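Data block below; observations after.
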2 protein chains.
Amino acid sequence: MLYSENSSHETIRIAVVEDDKTVREGLQMLLNGSPGFSCVATYGNGEDAVADLPAVLPDVVLMDINLPGISGIECILALKEQKVPIQFIMLTVFEDSDDIFHSLSAGASGYLLKQTPPVKLLEAIQDVYRGGSPMSGEIARKVVQSFQHPLPDYAAANGLTKREDEILGYLVKGYFYKEIAGELFISVETVRTHIRNIYEKLQVRTRSEAILKYLNSR
Amino acid sequence: MLYSENSSHETIRIAVVEDDKTVREGLQMLLNGSPGFSCVATYGNGEDAVADLPAVLPDVVLMDINLPGISGIECILALKEQKVPIQFIMLTVFEDSDDIFHSLSAGASGYLLKQTPPVKLLEAIQDVYRGGSPMSGEIARKVVQSFQHPLPDYAAANGLTKREDEILGYLVKGYFYKEIAGELFISVETVRTHIRNIYEKLQVRTRSEAILKYLNSR
DNA sequence: GAATCAATCCCCATTGTGTGGTATATTCAC
DNA sequence: GTGAATATACCACACAATGGGGATTGATTC
């Protein structure tokens, strides 16, 4: 992994999609003024970008999320749909969780706040160009946290007792009543009673619903 | 967001868990030789770390994954279990996808390769200390890609026909055979036949197994 | 000590599910 | 056109799952 060297051999071709004229032109100047970077196109809205980018085919696109008309996210979806081989870095003022995850799901490779210093921005572009995924620190933490199941204590949240929670575990794994009874050394009847109470508390009527409800909560 | 300034006011207390003595002592020297950083403990295995860290309570732990005895990941799980307020940065030679996701799920905040240059390592520690989540470029990309549902075409992957895939959809949502039949304007018997074939192809014997298999594949 | 709750067990009845076998019409490929 | 795959449909059996009722024990709370 190499840092801070792009220098001579290759110039990264970049396009900017940003509705604020000042910001857009500021980025353009920054890029064209930095060796190894070239701003090959700028767009003030998503529609123009979607129409034009497949022909321009830059290496990296700096994409604002909040655009008049279609959003930056929809913009990416439209271009990915056409399998245009472009990398996207989202540039936005807010670190809204939904925006972050929607952007990444849509296919963005990086996610930075607009307040990112110019040097870091250039580094990020190189990073993406080389196959990385630059993110502001807080953004990265949100992304990482999405892997850390908060484990909201499903049992407590639904008023399940320990035994019920235990049985729910087996239920979700697909065990037959018989098998659960065998595992816990209790009668099938007892298992049935517990499950009845579980369903009552979870407001479901079948095992399938219970499984879905359980899995969707984590 | 601030960069490259930790200087005087606060010293970050760090512990190192690493079985290779050379690497361990190298890190210790690096940390103690850098202003703003202090290596308060080192461990050659996970067991010692788990036993001792709750008392030492460093701000950040640099954790190797491959340790003799319990792994670095299990180590984190054990400490998180006790709700010890420590941030973890994984340090490893391999960028194995499973390791990455298991580490992050376990509660690691950062993930770096051992080949990361010292300066970047120190930056990463500061980043974690401030609430960020530093990752090597390739690692970040893997994490980001995990949001980009490849949608491996479940039907094709298992040799399901269009109709079977359609029915599997309802099955997984918890619809009764009756309801599926109603939705598709076919008889319940036909639904049953399809489901029999689906189970055969998916190598499952119950609806629960089918749901789990289906959900786990995306 | 009465009330409450968790955990245990039982009966009855109905519906849902899984598996066995079989069959027909259509379509698509060779 | 023969054969394979697909979608459709039926019968029958056995077991699993769900819903209604009720009951006992032990621990905890008030």
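Values below: every heavy atom of this structure, side chains too, minus hydrogens, waters and symmetry copies. Remember, predicted model here, so these are calculated numbers, not experimental data. Numbered from 1 within each chain, the chains take letters A, B, ... in sequence-line order.
Applying the salt bridge (charged side-chain N to carboxylate O under 4.0 Å, His left out) rule to pairs touching residues 41-57 of chain B yields nothing, sequence neighbours excluded. The salt bridge (charged side-chain N to carboxylate O under 4.0 Å, His left out) analysis of residues 186-195 of chain B, with sequence neighbours excluded, yields the pairs E189(B)-R192(B). Here salt bridge (charged side-chain N to carboxylate O under 4.0 Å, His left out) pairs that include residues 59-73 of chain B, with residues two or more places apart or in two chains, are D64(B)-K114(B).
Rounded to an integer number of Å, the gap from H194(A) NE2 to dT18(D) C1' is 17 Å. For the pair E200(A) CD and dC5(C) P, the interatomic distance rounds to 14 Å; values are reported in whole Å. The distance between atom CD of E209(A) and atom C1' of dA17(D), rounded to the nearest whole Å, is 13 Å. The separation between L168(A) atom CG and dA7(C) atom P is 13 Å, rounded to whole Å. The interatomic distance linking I186(B) (CD1) with dT8(D) (P) rounds to 5 Å, in whole Å. The separation between L160(A) atom CG and dC5(C) atom P is 16 Å, rounded to whole Å. Distance, I167(A) CD1 to dA7(C) C1': 9 Å, rounded to whole Å. Note: CG (N197(B)) to P (dT6(D)) measures 9 Å, nearest angstrom.
Applying the ring-ring contact (aromatic ring centres under 6.0 Å, His included) test to F176(A) and every residue at least two apart in sequence or in another chain returns nothing. Considering only residues two or more places apart in sequence or on other chains, E179(B) meets the side-chain hydrogen bond (donor to acceptor under 3.5 Å, both in side chains) condition with none of them. For K201(A), the side-chain contact (heavy atoms from CB on, under 4.5 Å) criterion is met by L160(A), T161(A), E164(A), not counting sequence neighbours. Remark: T42(A) engages V16(A), R24(A), Q28(A), C39(A) in a side-chain contact (heavy atoms from CB on, under 4.5 Å) (not counting sequence neighbours).
In this structure, the side chain of N197(A) engages the main chain of T193(A) through a donor-acceptor pair within 3.5 Å.
We find the NE2-OH distance between H194(B) and Y170(B) to be 12.5 Å, quoted to the nearest 0.5 Å.
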Below 3.5 Å, can you tabulate the donor-acceptor pairs from side chains in residues 70-92 of chain B to any protein atom, sequence neighbours excluded?
from, atom 1, to, atom 2, distance (Å)
S71(B), OG, I73(B), N, 3.3
S71(B), OG, E74(B), N, 3.2
S71(B), OG, E74(B), OE1, 3.4
E74(B), OE1, S71(B), N, 2.8
Q87(B), OE1, R141(A), NH1, 3.4
Q87(B), OE1, S109(B), OG, 2.9
Q87(B), NE2, V128(B), O, 3.4
T92(B), OG1, F94(B), N, 3.4

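The shortest heavy-atom contact between L67(B) and G46(B) is CD1-N, 3.9 Å. Of all non-hydrogen atoms in K142(B) and F101(B), the two that sit nearest each other are O-CZ, 3.7 Å. Scanning all heavy atoms of the two residues, the minimum distance from Y199(A) to L171(A) falls at CE1-CD2, 3.7 Å. Listed here is the closest heavy atom pair of P68(B) and N45(B): O-CB, 4.3 Å.
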Would you tabulate the pairs of protein nitrogen or oxygen atoms and nucleotide nitrogen or oxygen atoms of nucleotides 27-30 of chain D closer than 3.5 angstrom?
none

Under 3.5 Å, which N/O atoms of the protein pair with N/O atoms of nucleotides 26-30 of chain C?
none

Practice problem: Do nucleotides 14-23 of chain C as a string where each nucleotide becomes B, S or -: B if the base has a protein heavy atom under 4.0 Å, S if just the sugar-phosphate does, - if no protein is that close. | Solution: --SSBBBB--
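Not one side-chain nitrogen or oxygen of S187(B) sits closer than 4.0 Å to the OP1 or OP2 atom of dT8(D). Regarding contacts with the backbone of dT8(D), every side-chain N or O of T190(B) stays at 4.0 angstrom or more from both OP1 and OP2.
For the helix from dG1(C)-dC30(D) to dC30(C)-dG1(D), the end axes, each set by the C1' atoms of five terminal pairs, are bent relative to each other by 50° (nearest 10°).
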